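Everything numeric here is computed off the predicted structure, so don't read it as measured data. Because only heavy atoms are used, hydrogens play no part in the values below, and waters and symmetry mates are left out as well, while side chains stay in.
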There are 2 protein chains.
Amino acid sequence: MGSTDVLGDLKTLDVFRDLSVCGQQMLECGMQLNYFDELKTIINKGNSVSGAYVVVRGRLRVYSISPSGNEATLYFINPGEVCILALNCIFNNLQYPAWVQTEPDTCVGMIPSLTYRTLFQNEPSIQNLTVHALSVLVFRLMEELEEIHSMNLNARLAKFILMRGAIDGQLRMTQSELAAHLGTTREVIAKLLRKMVAEKSVKTLRGSIVIEKLDVLAKQAGQGLLT
Amino acid sequence: MGSTDVLGDLKTLDVFRDLSVCGQQMLECGMQLNYFDELKTIINKGNSVSGAYVVVRGRLRVYSISPSGNEATLYFINPGEVCILALNCIFNNLQYPAWVQTEPDTCVGMIPSLTYRTLFQNEPSIQNLTVHALSVLVFRLMEELEEIHSMNLNARLAKFILMRGAIDGQLRMTQSELAAHLGTTREVIAKLLRKMVAEKSVKTLRGSIVIEKLDVLAKQAGQGLLT
DNA sequence: GGGCTTCTGTAGCAAAAGCTACATTGAGGA
DNA sequence: TCCTCAATGTAGCTTTTGCTACAGAAGCCC
């Protein structure tokens, strides 16, 4: 059910194009490929990390859970990206500081810690990959922080719907999931969506949201705190 | 006025202990030392970055400004640390995505972009320094994000006062500055402090806050959203 | 069909945080 | 000393967000 030609996927990834050791060699070095067809938590906060993670297909979601049980997405790891946090844990023998979950139809390569450390020391391309991945993550986190400080929930919701749903005009996600991404609760999302539905900028279905007026959403997403 | 023995400071820094090219050589490579005795904005959002920044003494504050004009501190750069964001901009020819401000009595070394890139390519120690600085930053940002999601303002304020004032029992900072750090407004800070003063856990003076009951603050800082 | 679960819609209240406005106080300079 | 400005104290109101509770609807399995 979807496991298909993973090695094919692998070889076309940017990560590996950049490497002198290509995907095949990574596999020879001991990288294991794991396929997940549904949401599954693969790292819990406090876990020791056994290796580096490379997303081959699908997406990983890194999130935190507050003491009261609410989830909040910190960032996503897209195909071709390395879970740099895991790398950091490897290099510094730290425990992983958050939770990681697979999206449905996700394939992740796992490279044993020792292998990655060896590669890092010997391969300039791996060094560059690492620095680049870290840089991207820093930018992503800073953007997220800035967003939280300067946009209200309505604007963040509008932006999220646009970013994740604009391609096919539909965001396939339940309201609970949406709430978990934005670090709030379902009722609040429902309330905000109600307003959007009233102004006909979106339509809500069971398990998905259909974008009706892209421009209105875009305007809301750009508004931020300015009322 | 305080410029004193900057090179002395420099040689004792962890950053440079780690380098085969020591502070002296960095200076020979073209690093310029700049001293600031007061708050000064040294990078504006959107600026092109002319070099790498190393904090020798004092502290840099990286912050964002919302459309409505409110500041929010993203993170601090302490002595011995590199402004990795600037590095990233150097490597990728990006514009700086935030504002940077010196604290009073701060000395910053600036290494021209080209010099740093050369050092990075040839010196393994500089590569390690870079990766390490990035890792630290990622952890710091993730911690900040998690804090915002899981702690209310009161808890964050208590934590901030503890973290920055516990050493000498006093936090020398105006309430406006505090508000800018936590991404809120002065009135809100005043309101929260009033409660703390009422329960005698702190005392407020002009330009500073004196810690009275460390344990009470610590309890509040640990409480998070659980009411 | 019947029972169960999950998802959604809605209401109402409580708490948190933001905004406006103004009084008071302290420090420093003319 | 007086003036000015920055910092603080306070009040009251609005908006936003969170929390509780429940009802209806859609999908799924037996």
Between [atom2] on [N] and [atom1] on [X], what's the gap in Å once rounded to a whole number?
X        : N      : atom1 : atom2 : result
A:Gln220 : D:dT16 : CD    : P     : 12 Å
B:Leu153 : C:dA15 : CG    : P     : 17 Å
A:Glu177 : C:dT8  : CD    : C1'   : 14 Å
B:Asn70  : C:dC19 : CG    : P     : 6 Å
A:Leu178 : C:dC7  : CG    : P     : 12 Å
A:Leu182 : D:dG18 : CG    : P     : 10 Å
B:Arg172 : D:dA7  : CZ    : P     : 16 Å
B:Ile148 : C:dA16 : CD1   : P     : 18 Å

Enumerate donor-acceptor pairs with a distance under 3.5 Å from any side-chain N or O in residues 193-206 of chain A to protein atoms, sequence neighbours excluded.
{"residue": "A:Glu199", "atom": "OE2", "partner": "A:Ser201", "partner atom": "OG", "Å": "3.2"}
{"residue": "A:Glu199", "atom": "OE2", "partner": "A:Gln220", "partner atom": "NE2", "Å": "2.4"}
{"residue": "A:Ser201", "atom": "OG", "partner": "A:Met196", "partner atom": "O", "Å": "3.2"}

Only pairs at least two apart or in different chains count here, so list each ring pair (Phe, Tyr, Trp, His ring centres under 6.0 Å) that has a residue in residues 195-217 of chain A.
none
Only one of A:Thr73, A:Ile148, A:Asn70 forms a side-chain contact (heavy atoms from CB on, under 4.5 Å) with B:His149, so which one is it?
A:Ile148
I'd like to know if the side chain of [X] and the backbone of [Y] have a donor-acceptor N/O pair within less than 3.5 Å.
X        : Y        : value
B:Asn152 : B:Ala155 : yes
B:Arg156 : B:Leu182 : yes
A:Thr106 : A:Arg59  : yes

Distances for protein N/O vs nucleotides 1-4 of chain C N/O pairs under 3.5 angstrom?
none

If I take atom [atom1] from residue [X] and atom [atom2] from residue [Y], how far apart are they, to the nearest 0.5 angstrom?
X       : Y        : atom1 : atom2 : answer
A:Asn34 : A:Cys107 : CG    : SG    : 7.5 Å
B:Tyr53 : B:Ile43  : OH    : CD1   : 4.0 Å
A:Leu74 : A:Trp99  : CG    : CH2   : 10.0 Å

Please list, chain by chain and in numerical order, all residues satisfying side chain to side chain donor-acceptor pair (under 3.5 Å) with B:Gln175, sequence neighbours excluded.
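Partners of B:Gln175 under the side chain to side chain donor-acceptor pair (under 3.5 Å) test: none.
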Could you list the residues that satisfy side chain to side chain donor-acceptor pair (under 3.5 Å) with A:Arg140, not counting sequence neighbours?
A:Glu81
Between C:dA17, D:dG18, C:dT8, which nucleotide gets closest to the side-chain atoms of A:Gln175?
C:dT8
Those residues at least two apart in sequence (or on a different chain) that pass side chain to side chain contact (heavy atoms under 4.5 Å, CB included) with A:Glu177 are A:Leu39, A:Met173, A:Thr174
With sequence neighbours left out, what residues match B:Asp215 under salt bridge (Lys or Arg N to Asp or Glu O under 4.0 Å)?
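Counting only residues at least two positions away or on another chain, B:Asp215 forms no salt bridge (Lys or Arg N to Asp or Glu O under 4.0 Å).
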Just checking, any donor-acceptor pair under 3.5 angstrom between side chains of B:Ser176 and B:Arg186?
no
Using a 4.0 Å cut-off on heavy atoms, which residues in residues 160-169 of chain A reach DNA chain D? List them by number, or say none.
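Per residue number, the list is empty: none.
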Would you jot down, in residue-number order, the residues of residues 200-211 of chain B having a non-hydrogen atom under 4.0 Å from DNA chain D?
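Those residues are B:Thr204, B:Leu205, B:Arg206, B:Gly207.
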Any residue of residues 185-196 of chain B with a heavy atom less than 4.0 Å from an atom of DNA chain C:
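Output list: B:Thr185, B:Glu187, B:Val188, B:Lys191.
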Can you tell if the side chain of B:Val62 reaches within under 4.5 Å of the side chain of B:Ile77, non-hydrogen atoms only?
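Yes; the side chains approach each other to less than 4.5 Å.
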Please report the end-to-end axis angle for the helix from C:dG1-D:dC30 to C:dA30-D:dT1, five pairs per end, rounded to 10 degrees.
30°
Under 3.5 Å, which donor-acceptor pairs do the side chains of residues 157-168 of chain B form with other protein atoms, sequence neighbours left out?
{"residue": "B:Lys159", "atom": "NZ", "partner": "B:Glu147", "partner atom": "OE2", "Å": "2.7"}
{"residue": "B:Arg164", "atom": "NH2", "partner": "B:Glu103", "partner atom": "OE2", "Å": "3.3"}
{"residue": "B:Asp168", "atom": "OD1", "partner": "B:Gln170", "partner atom": "N", "Å": "3.4"}
{"residue": "B:Asp168", "atom": "OD2", "partner": "B:Arg172", "partner atom": "NH2", "Å": "3.1"}

Ignoring backbone atoms, test whether A:Thr174 places a side-chain nitrogen or oxygen under 4.0 Å from the OP1 or OP2 oxygen of C:dT6.
no
